[in-house]
J.: 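Got a structure for you, written out below as structure tokens; questions coming shortly.
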2 protein chains.
Amino acid sequence: MESTPSTETTQPEPREKVASGQVQSVDRAIELLELMADAGGEAALSELAANTGLPLPTIHRLMRTLLSRGYVRQLPSRRYTLGPRLIRLGESAGRQLGAGARPYLTALAAELGETANLAMIDRDMAVYVAQAASRHSMRMFTEVGRRVFTHATGVGKAVLAQLPDATVLEIVARVGMPAATPQTITDPQSLLEELAKIRERGYAIDDGEQEIGVRCFAVGVPGAPTPTALSISGPSARVGYDFAETAVPVLQRTAADLAKELISPTG
Amino acid sequence: MESTPSTETTQPEPREKVASGQVQSVDRAIELLELMADAGGEAALSELAANTGLPLPTIHRLMRTLLSRGYVRQLPSRRYTLGPRLIRLGESAGRQLGAGARPYLTALAAELGETANLAMIDRDMAVYVAQAASRHSMRMFTEVGRRVFTHATGVGKAVLAQLPDATVLEIVARVGMPAATPQTITDPQSLLEELAKIRERGYAIDDGEQEIGVRCFAVGVPGAPTPTALSISGPSARVGYDFAETAVPVLQRTAADLAKELISPTG
DNA sequence: ATTCACACTTCCACTTAGTGGAAGCATAAG
DNA sequence: CTTATGCTTCCACTAAGTGGAAGTGTGAAT
């Protein structure tokens with residue numbers, strides 16, 4: 001940790017250091033992959049160098065390792081793109097996350113007659129990891145794998161409600177709070193108040209905040225390894241506030257069952 | 001593998017070494033991710049140790065790094081699963097691979113009236129990276145992201161035809177040649193002969209080798225960064241051998257256009 | 001056609017960052 | 001409560017990784 005000679009007033013350049021007990025080169029490799037994803041899946045070596053501040057040879061060596069494993073490809077122009085092997089990995093991850101959940105969502109959708117969704121937080125956004133459409137759903141309002149802002153969705157707010165306020169503020173500071181509809185909460189203070197209400201009443205409401213005409217009730221999945229939430233959503237016409245009275249207890253029961261499943265998966 | 005005691009004659013323990021100029025710890029981290037994917041997305045630390053032969057502390061340190069980046073999660077049981085961050089990465093990779101291709105596939109499907117597919121090799125299997133369904137296709141015979149054996153599909157054989165025979169033999173040695181239908185080629189020698197024919201005539205035929213009643217014509221995409229193939233497929237009733245006369249030139253022209261696109265993507 | 005400039009790749013001496021044996025903790029089983 | 005099992009931390013050693021400098025290829029400009 002701090003082998004500081006101390007006498008030197010300035011700390012010896014902490015920079016953006018990797019937390020101790022971790023592997024620097026692996027962390028750097030991951031940073032490169034993330035950068036490429038941010039850049040739309042493609043980047044030149046020198047661009048990566050500019051964005052990381054790492055010397056070219058270091059990046060080149062890391063990229064060669066990723067290349068040999070199929071995690072990146074190299075175009076004849078020498079630019080790099082994310083490689084095909086990542087598809088499999090991502091699918092496996094998605095399957096893993098949604099695996100045990102699907103039966104619960106299907107049962108939930110069948111019982112309540114509306115679409116059930118499971119989402120978890122990934123750094124600053126919520127990702128849908130599983131879904132069961134209701135029989136009479138005209139169209140999907142979302143798909144597995146889609147990422148949504150936390151402040152503007154039922155699952156998002158239900159997830160945030162499980163986090164300390166400080167963490168919530170960090171998240172919205174990083175990604176902002178764009179309005180998806182006129183109903184979207186767009187300032188941090190209102191969001192914190194809303195989260196307090198959610199914690200009190202035990203469930204979140206999204207009333208056209210993500211998409212006009214779509215209402216959604218969501219609850220947290222307690223004790224999930226990654227903060228996770230379960231929701232039921234549908235057109236406001238069918239999904240009224242009286243619907244919540246039926247839906248919320250079922251949601252909460254299912255969330256509790258899901259929690260057990262997620263903690264010790266059937267395998 | 002073979003930890004031969006032998007005499008001093010053996011080379012000084014090359015073991016399964018990482019090719020020089022690469023980063024050991026990154027390679028190991030990737031190996032861990034791949035192992036987890038193989039194991040269905042979940043594994044205990046000790047299982048990983050057993051499968052890699054690496055000491056526990058080493059694995060633990062690598063996993064901690066992956067954990068802090070969201071590439072793995074840890075269950076309360078302390079077992080590890082692939083993490084949500086991989087979903088995004090996989091999607092970005094898939095989008096990247098299929099991005100420029102979709103317009104070409106759509107045009108192809110429109111012109112020929114059957115489903116167009118683009119697949120590339122990922123180590124031992126072919127992965128579908130883009131697809132355009134024909135208007136009157138009743139159902140999908142495949143989906144983007146699906147992995148198929150190379151020896152039993154049109155795209156697979158068209159990809160193999162771009163590789164040296166030695167590489168082809170390595171692949172089938174690793175994954176075998178299971179029969180999907182009675183038509184599937186199931187021995188290496190016949191496969192090599194088939195590939196020779198494909199190289200000569202310039203396109204591959206899959207006549208019910210993957211699924212009974214489905215015929216498919218496929219061509220390689222020359223000069224793609226990763227060996228890639230383009231195919232058109234449909235029910236044998238509609239996709240006859242006379243159809244090939246129309247389809248193959250169009251396929252080849254599209255493959256050439258695609259090659260340019262893949263080499264210098266539209267930013 | 002030849003030169004220049006830029007970007008990627010290879011080389012190699014230095015040393016930091018990674019390694020792994022051994023000890024320390026939890027948690028689950030007996 | 002005791003033992004067993006499996007995860008986590010510690011730390012001295014050194015192999016593995018790093019990055020400055022030199023080399024190579026590619027594409028643009030003259």
Side-chain angles (χ1 to χ4, degrees), chain A residues 1-5 12-32 35-36 39 42-69 72-81 223 225 263-264, chain B residues 3 12-32 35-36 39 42-69 72-81 223 225 260 263-264 267:
Chain A
M1 287 285 189
E2 73 310 272
S3 51
T4 35
E13 279 282 325
R15 277 198 288 190
E16 41 173 316
K17 213 174 88 183
V18 175
S20 85
Q22 295 190 21
V23 182
Q24 186 193 59
S25 43
V26 172
D27 199 76
R28 288 175 167 183
I30 292 176
E31 189 178 355
L32 292 174
L35 267 173
M36 292 188 64
E42 195 189 324
L45 196 53
S46 48
E47 292 166 13
L48 295 171
N51 283 307
T52 54
L54 295 174
L56 282 171
T58 300
I59 297 177
H60 182 254
R61 206 171 333 100
L62 292 169
M63 291 305 274
R64 264 228 268 172
T65 308
L66 295 173
L67 196 54
S68 79
R69 287 293 202 152
V72 304
R73 291 181 306 147
Q74 191 165 27
L75 305 174
S77 65
R78 290 180 172 178
R79 293 174 66 80
Y80 293 91
T81 63
I263 286 170
S264 50
Chain B
S3 51
E13 280 282 327
R15 276 200 288 189
E16 43 173 315
K17 214 175 86 186
V18 175
S20 82
Q22 295 191 20
V23 182
Q24 188 193 58
S25 44
V26 172
D27 199 77
R28 288 175 167 181
I30 292 176
E31 190 179 353
L32 292 174
L35 266 172
M36 292 188 65
E42 193 190 325
L45 196 53
S46 49
E47 292 166 12
L48 295 172
N51 284 307
T52 53
L54 294 175
L56 281 171
T58 300
I59 297 178
H60 183 252
R61 205 172 332 99
L62 292 168
M63 291 305 274
R64 264 229 268 173
T65 309
L66 295 172
L67 196 54
S68 79
R69 287 292 202 152
V72 303
R73 291 181 306 148
Q74 191 165 27
L75 305 174
S77 65
R78 291 180 172 176
R79 293 174 66 82
Y80 294 91
T81 62
K260 288 187 213 122
I263 287 169
S264 50

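By convention in this document, chain letters (A, B, ...) are assigned in the order of the sequence lines, proteins followed by strands, and residues within each chain are numbered from 1.
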J.: Starting at CD of B:Q22 and ending at C1' of C:dT10, how long is that distance when rounded to a whole Å?
T.: 14 Å
J.: For A:E47, report the nucleic acid contact type (base, sugar-phosphate, nothing); a contact means any heavy atom under 4.0 Å.
T.: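 The answer is nothing, as A:E47 stays clear of every strand by at least 4.0 Å.
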J.: Just how far, in rounded Å, is C1' of C:dT19 from CD1 of B:I59?
T.: 12 Å
J.: Work out which heavy atom in A:M63 is nearest to a heavy atom in A:V72; give both atom names and the distance.
T.: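 That closest heavy-atom pairing would be O-CG2, 3.9 Å.
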J.: In whole Å, I'd like the distance from the CG atom of B:L32 to the P atom of D:dC7.
T.: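 Rounding to the nearest Å, CG of B:L32 and P of D:dC7 are 13 Å apart.
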J.: Hey, does the side chain of B:H60 come within less than 4.0 Å of D:dC7's phosphate (OP1/OP2), counting only N and O?
T.: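 No, no such contact exists.
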J.: Decide yes or no, distance alone: a donor-acceptor N/O pair under 3.5 angstrom between the base of C:dG20 and the side-chain of B:R61.
T.: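 Present.
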J.: Checking contacts here: which listed nucleotide (C:dT19, D:dC7, C:dT9) is nearest the side-chain heavy atoms of B:S25?
T.: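 The answer is C:dT19, which lies nearest to the side chain.
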J.: If we check salt bridge (Lys or Arg N to Asp or Glu O under 4.0 Å) with B:D27, which of these qualifies: A:R61, A:R69, A:R64?
T.: A:R69
J.: Would you tell me whether B:S68 and A:Q22 have side-chain atoms, one donor and one acceptor, within less than 3.5 Å of each other?
T.: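 A pair is found: one side chain offers a donor N or O, the other an acceptor, under 3.5 Å apart.
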J.: Look at the side chain of A:Q24 and decide which nucleotide, out of C:dA17, D:dT9, C:dC8, has an atom nearest to it.
T.: C:dA17
J.: Which nucleotide in the set D:dC7, D:dT8, D:dG19 lies at the smallest distance from any side-chain heavy atom of B:A44?
T.: D:dC7
J.: Whole angstroms only, please: what is the CE-P distance between A:M63 and C:dT9?
T.: 10 Å
J.: Separation of A:L62 atom CG from D:dA16 atom C1', in whole Å?
T.: 13 Å
J.: So, does A:R28 get its side chain near the phosphate of D:dG19, meaning an N or O under 4.0 Å from OP1 or OP2?
T.: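 Affirmative; the distance criterion is met.
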J.: Rounded to the nearest Å, what distance is computed from the OH atom of residue A:Y80 to the P atom of nucleotide C:dA7?
T.: 15 Å
J.: Expressed in angstrom and rounded to an integer, what is the separation of A:L54 atom CG from C:dC8 atom C1'?
T.: 16 Å
J.: What are the two closest non-hydrogen atoms of B:A49 and B:L56, and how far apart are they?
T.: CB-CD2, 3.8 Å
J.: Measuring from the side chain of B:R78 (C-beta onward, heavy atoms only), which nucleotide among D:dG19, C:dG21, C:dT27 has the closest atom?
T.: C:dT27
J.: Rounded to whole angstrom units, what separation is found between the CD atom of B:Q74 and the C1' atom of D:dG6?
T.: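 B:Q74 atom CD is separated from D:dG6 atom C1' by 12 Å.
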J.: Between A:L56 and B:T58, which residue's closest nucleotide on DNA chain C lies nearer the 5′ terminus?
T.: A:L56
J.: Grab the two heavy atoms, one from B:E42 and one from B:T81, that are nearest each other, plus how far apart they are.
T.: CG-CG2, 3.5 Å
